[in-house]
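One structure is given below, encoded as structure tokens.
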Amino acid sequence: MMVTTHAAAALLLFGAPASLLAPQFAAPALAGALLGGIAPDVDLFVGTHRKTLHFPVYASLAGVAAAVVAALVPSALTVAAATFLLGAGLHAASDWFGASDELRPWERTSSRAVYLHPAKRWLAPRHVVRYDGAPEDFLLTLAFSLPVAYLFDGPVRVVVGIGLLVAATYTLFRRRVPDVFGI
Ligand SMILES: [Zn+2]
């Protein structure tokens, strides 16, 4: 799935509820969720993609623990840590339902969707979303983004709008990306 889908999902599922529950921590809750939704894909550039920074189990468990801590000791830091880890865990787990890590994922030559660290093996892609940047992936970004844009104004709405533009552009050109870069 596109990073915009992960980011919008984390904002809607974790950032928004946390900021509605504790409005005084809305900014750290939303920032944590946004960064958590994005962070795992930094391993596109360092280490092994879908493995080095993708922790479907560990980040999710840490996120639940951090949410308990944030409920008991609410602060900007604990709330941001909770939404960050929950967003990162959801990102990694939902990559299982997309395609593999290959450059042309619609060719389905790889069976590596995301690495399951506790089992020391790769999970095979489920292809519920056929590949990142598929039309259904854009619809997911849209479906997660619209409620967030409705609930929040100001910078959050701007960020969501930029995400939608990026997602739409990527979706339009996704299948040409490997050829453009000659890879
Ligand atoms: Zn990912």
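Ligands are counted one by one from 1 in listed order, and the atoms in each one are counted from 1 as well.
- Expressed to the nearest 0.5 Å, how far CG of Leu53 lies from CG of Asp43 amounts to 4.5 Å.
- Judged purely by distance below 3.5 Å, without hydrogens or angles, the side chains of Thr109 and Glu107 never pair a donor atom with an acceptor atom.
- Partners of Phe55 according to the ring-ring contact (aromatic ring centres under 6.0 Å, His included) rule, which considers only residues two or more places apart in sequence or in another chain, are His117.
- Listed by chain and number, the protein N, O or S atoms at a distance under 2.8 Å from the Zn ion (ligand 1) are Asp41 OD1, His54 NE2, His91 NE2, Asp95 OD2.
- Listed for the Thr78 side chain is a donor-acceptor partner under 3.5 Å among the backbone atoms of Val73.
- Taking the side chain to side chain donor-acceptor pair (under 3.5 Å) definition, one finds that Ser19 meets it with nothing, sequence neighbours left out.
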Which atom pairs, one a donor and one an acceptor, fall under 3.5 Å between side chains of residues 21-40 and the rest of the protein, sequence neighbours left out?
none

